[in-house]
Colleague: 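Sharing a structure below in structure tokens format, with a few things to ask.
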Amino acid sequence: MSSLDVDDFIQQNRVLADQVEKFRGYWESDKHWKPRREFVLRNINDYEFQQLDQLLSLSMVWANNVFLGCRYSTELLDKVKEMAEGVVVEDAPVFKTRDEIMKKQQGR
């Protein structure tokens, strides 16, 4: 789903789009919200209303990993990466582990 596809989907599904828009955190910039919104929209049909909190939690795990470099279990990251397949994040930050930084420093 490209950004144009997302925009088309939102125009065709205003009620759902308005509902999803309520899940935006006040701290989320457009740069963070738009990909997370796409994550939610891509997966919302796979979750019943009672499971919506689980979907929103998974969307936050994905966003925290992508934008903040938070680390989680391999199993959880594999799940959210699969769910986010096709979501494009422009100018995503690149994070390095302490070990990667140390290895680079020792190679000097």
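All values below come from the heavy atoms of this structure, side chains included, with hydrogens, waters and symmetry mates left out.
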Colleague: Apply side chain to side chain contact (heavy atoms under 4.5 Å, CB included) to residues Tyr72 and Val80 and explain how you reach the verdict.
Modeller: CA-CA 10 Å; Tyr72 301 92; Val80 296; over 6 Å; no
Colleague: Got a second to check how far Glu48's CD is from Leu55's CG, nearest 0.5 Å?
Modeller: 12.5 Å
Colleague: Tell me the closest heavy-atom pair linking Val89 and Pro35, and the distance in Å.
Modeller: CG2-CB, 4.0 Å
Colleague: Restricting to non-hydrogen atoms, name the atom on Arg42 and the atom on Glu85 that form the minimum distance, rounded to 0.1 Å.
Modeller: NH1-O, 3.2 Å
Colleague: Rounded to the nearest 0.5 Å, what's the gap from CD on Glu82 to CG on Leu77? Could you check?
Modeller: 13.0 Å
Colleague: Distance from Asp46 atom CG to Gln51 atom CD, nearest 0.5 Å?
Modeller: 9.5 Å
Colleague: Where do Glu38 and Trp33 land on the side chain to side chain donor-acceptor pair (under 3.5 Å) test, with the steps shown first?
Modeller: CA-CA 8 Å; Glu38 184 175 342; Trp33 170 241; over 6 Å; no
Colleague: Under a 4.5 Å cut-off applied to non-hydrogen side-chain atoms, are Tyr47 and Leu56 in contact?
Modeller: no
Colleague: Hey, could you give me the CZ/CZ distance between Arg36 and Phe23, rounded to the nearest 0.5 Å?
Modeller: 9.0 Å
Colleague: Is there a path of hydrophobic side-chain contacts, each under 4.5 Å between heavy atoms of I, L, V, M, F, W or Y residues, that connects Met60 with Val40?
Modeller: no
Colleague: Could you tell me the separation between the CD atom of Glu90 and the NZ atom of Lys34, rounded to the nearest 0.5 Å?
Modeller: 9.0 Å
Colleague: How long is the straight-line distance from CG of Leu58 back to CG of Leu76, given to the nearest 0.5 Å?
Modeller: 6.5 Å
Colleague: What orientation do Phe67 and Trp62 show, parallel under 30°, tilted 30 to 60°, or perpendicular over 60°?
Modeller: perpendicular
Colleague: If we ignore hydrogens and angles and just use 3.5 Å, is the side chain of Glu28 paired with the main-chain N or O of Gly25 as donor and acceptor?
Modeller: yes
Colleague: Within the side chain of Asn65, is there an N or O that forms a donor-acceptor pair under 3.5 Å with the backbone of Val61?
Modeller: no
Colleague: Taking all non-hydrogen atoms of both residues into account, name the closest pair between Val20 and Arg37 and its distance.
Modeller: CG1-CG, 3.9 Å
